[in-house]
Structure formats: C-alpha cells, structure tokens
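Values reported hereafter were calculated over all heavy atoms of this structure, with side chains retained and with hydrogens, waters and symmetry mates removed.
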Amino acid sequence: MPPAAVRSGRPGADGGPFPGLADPHPPVDDVSDVGDVGEGCAMDATTPDVDVDEAGRDGPPKARKDAIGIGPGVCHSLGLTALVLSEIVRHDLKDVGKPGGGQAPGYLRDLLKSWSSLAEEGWYRTAAELFDDVSLGQPRAALWAAVFMALVVRLNRNGPHEVQRVISVVAACYCLLGAVSGLPLAAVAPGGGVLLVLGLCAGVMRIATR
C-alpha cells in the first residue's frame, strides 16, 4: 500500500515521496483563521491622507483642498486687487506736490469723495479700524504679506497641508479686511475697469495654484 502522502496526492515532509520538503498546500482546519489574518492586516495598514475620486484616482488631501478652495481663492483675489489698486495710487501720488512734480490724477477727487462717504458708515469704520489693528498700524505691509503668503501656499502643493490651510485662512481674512477697507480704491478703475483688474488678479491666483 502506498504511503499516506501519496494517497493524499500531496508530498509531505514526513514519510512522503519527497522527504524534507514542506507541503506547499497545507490543509486549513478553520477558514475563519484566514479571515482573522486578513482583518489584522487591514487594521495594521496605514491609509494615506488622500481623497479618491469616482475614477479611483488619488486626489489632494482635504486640508489642501481647503487651503486652495473657492472661499480662500475669492478672498485672496480681492486682496491682490486692493493691493494692485493701492500701489497704483501710491505711484501716481508720489510726485504730487513736489517741485516739478506731476498733476494729481483725475480719479483722486472721486476717491476722496468715496472715502469720505464710506467713513460715515459704521460697518466700514469697524472694518477699517479692525484691519488697522490686526496689521499693527502697517496695513500696506500686512496686505503685501497676506498676498505673498497666499501665493506661497498655492505654489507649494507638497508642503505641510494642515499648516498651509491655517496660513491660507489667515491670509484670506487679512485680504478680505484689506479689500473692504480699500473699497474707495474702486475709483481708480471706475466702471468695468475694477472688474477687469479683479479678473486678472483671480487669474493670477488660479495660475499660481498647483
């Protein structure tokens, strides 16, 4: 009578036709053990902080999406618009009143009138004073810093996402306050001009987003 290993159809290490070789297909006494092993592996596996779209492709982490989302993007664009318009005014007025200096720009009267009118509104005074307070009396420097940090966050997609989200939100708050306090600057580009500047600034933010 042939050995038990031959009768079973599997070589064995004990008395089979191939001594010393382990059975490549060992019998499984309890299939539940396999399930337990699989569950243990699944529990030990680490899941990366990524989102998966409908096509099964990995997307950016939620923190990254929050940092470059529509809300912060609108605020960043408004802040850049206010910064551009304020720098235009600064450039146009730098030689006014100096000997041999140029004439005051034509929009200056409308700008001052708009500023005077808005200064009578409580909400505007609150926003302007708050922006001056949080910028430590340096609103121009604060707006420059906020726009710069917004661009850095958008350009650096591989940075620490949680930190970038915080920076993006803080920059968005500064930009929004700067844009509200700079509403009279709309007189620099009346009509559709301010919308054109806003569109260009939004385009800059969109191109900078990685």
Side-chain angles (χ1 to χ4, degrees), residues 63-98 101 104-105 107-190 193-195 197-210:
R64 177 63 180 171
K65 289 182 178 181
D66 293 341
I68 61 175
I70 296 178
V74 171
C75 295
H76 296 162
S77 301
L78 289 172
L80 181 57
T81 301
L83 181 61
V84 169
L85 295 178
S86 64
E87 291 302 312
I88 291 175
V89 174
R90 184 180 178 87
H91 176 271
D92 291 345
L93 296 180
K94 66 178 182 178
D95 294 328
V96 175
K98 296 181 179 179
Y107 60 76
L108 183 59
R109 178 176 297 179
D110 292 336
L111 189 152
L112 294 176
K113 182 179 179 181
S114 177
W115 229 308
S116 176
S117 176
L118 284 173
E120 298 177 358
E121 301 291 337
W123 62 268
Y124 178 78
R125 288 198 307 271
T126 300
E129 291 173 359
L130 179 60
F131 182 58
D132 188 68
D133 291 340
V134 297
S135 60
L136 304 178
Q138 299 293 330
R140 178 171 177 258
L143 192 55
W144 266 105
V147 171
F148 176 77
M149 294 309 299
L151 289 172
V152 168
V153 168
R154 291 178 173 278
L155 287 168
N156 184 17
R157 63 180 176 183
N158 296 320
H161 301 304
E162 295 292 343
V163 175
Q164 287 190 337
R165 175 165 58 184
V166 173
I167 294 175
S168 178
V169 171
V170 172
C173 293
Y174 268 89
C175 286
L176 183 59
L177 282 174
V180 172
S181 63
L183 280 175
L185 294 171
V188 177
V194 68
L195 296 179
V197 176
L198 177 59
L200 291 174
C201 292
V204 170
M205 289 295 173
R206 181 66 184 88
I207 293 173
T209 303
R210 297 291 184 266

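Across all their heavy atoms, Pro184 and Leu111 have their closest contact at O-CG, 3.8 Å. Between His91 and Lys94, the shortest heavy-atom distance links the atoms O-CG, 3.2 Å. Considering all non-hydrogen atoms of both residues, Ser77 and Cys201 come closest at O-CB, 3.8 Å. Taking both residues in full, the closest heavy atoms of Cys175 and Gly79 are given as CB-CA, 3.6 Å, listed atom of the first, atom of the second, then distance. Closest approach of Ala179 and Ala82 over heavy atoms only: CA-CB, 3.9 Å.
Annotation: the span from Glu121 atom CD to Thr126 atom OG1 amounts to 11.0 Å, rounded to 0.5 Å. How far OG of Ser181 is from CG of Leu118: 10.5 Å, rounded to the nearest 0.5 Å. In this structure, OG in Ser86 is found 6.0 Å from CG in Leu185, a value given to the nearest 0.5 Å. Between Asn156 atom CG and Gln164 atom CD the span is 5.0 Å, to the nearest 0.5 Å. Rounding to the nearest 0.5 angstrom, the gap separating the CG atom in Leu83 from the CD1 atom in Ile88 is 10.0 Å.
Of the options Asp66, Val170, Ile68, a side chain to side chain contact (heavy atoms under 4.5 Å, CB included) to Arg165 is made by Asp66 and by none of the others. Of the residues listed (Val197, Val204, Leu200, Leu85), the one engaging Leu80 in a side chain to side chain contact (heavy atoms under 4.5 Å, CB included) is Val204, and it is the only one.
In this structure the side chain of Leu93 reaches within 4.5 angstrom of the side chain of Leu108, judged on heavy atoms.
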Report, one line per pair, each donor and acceptor closer than 3.5 Å where one atom sits in a side chain of residues 129-154; sequence neighbours left out.
{"from": "Ser135", "atom 1": "OG", "to": "Phe131", "atom 2": "O", "distance (Å)": "2.6"}
{"from": "Ser135", "atom 1": "OG", "to": "Asp132", "atom 2": "O", "distance (Å)": "3.2"}
{"from": "Arg140", "atom 1": "NE", "to": "Glu87", "atom 2": "OE2", "distance (Å)": "2.7"}
{"from": "Arg140", "atom 1": "NH2", "to": "Glu87", "atom 2": "OE1", "distance (Å)": "3.2"}
{"from": "Arg140", "atom 1": "NH2", "to": "Glu87", "atom 2": "OE2", "distance (Å)": "3.4"}
{"from": "Trp144", "atom 1": "NE1", "to": "Glu87", "atom 2": "OE2", "distance (Å)": "3.3"}
{"from": "Arg154", "atom 1": "NE", "to": "His76", "atom 2": "ND1", "distance (Å)": "3.3"}
{"from": "Arg154", "atom 1": "NH1", "to": "Thr209", "atom 2": "OG1", "distance (Å)": "2.8"}
{"from": "Arg154", "atom 1": "NH2", "to": "His76", "atom 2": "ND1", "distance (Å)": "3.4"}

**OP:** Start with the C-alpha distance between Asp92 and Val188, add both sets of side-chain angles, then the distance that settles side-chain contact (heavy atoms from CB on, under 4.5 Å), and finish with yes or no.
**Re:** CA-CA 10 Å; Asp92 291 345; Val188 177; 5.6 Å; no

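Within 6.0 Å of CZ on Arg206 lie no more than 12 heavy atoms contributed by other residues, nucleotides or ligands.
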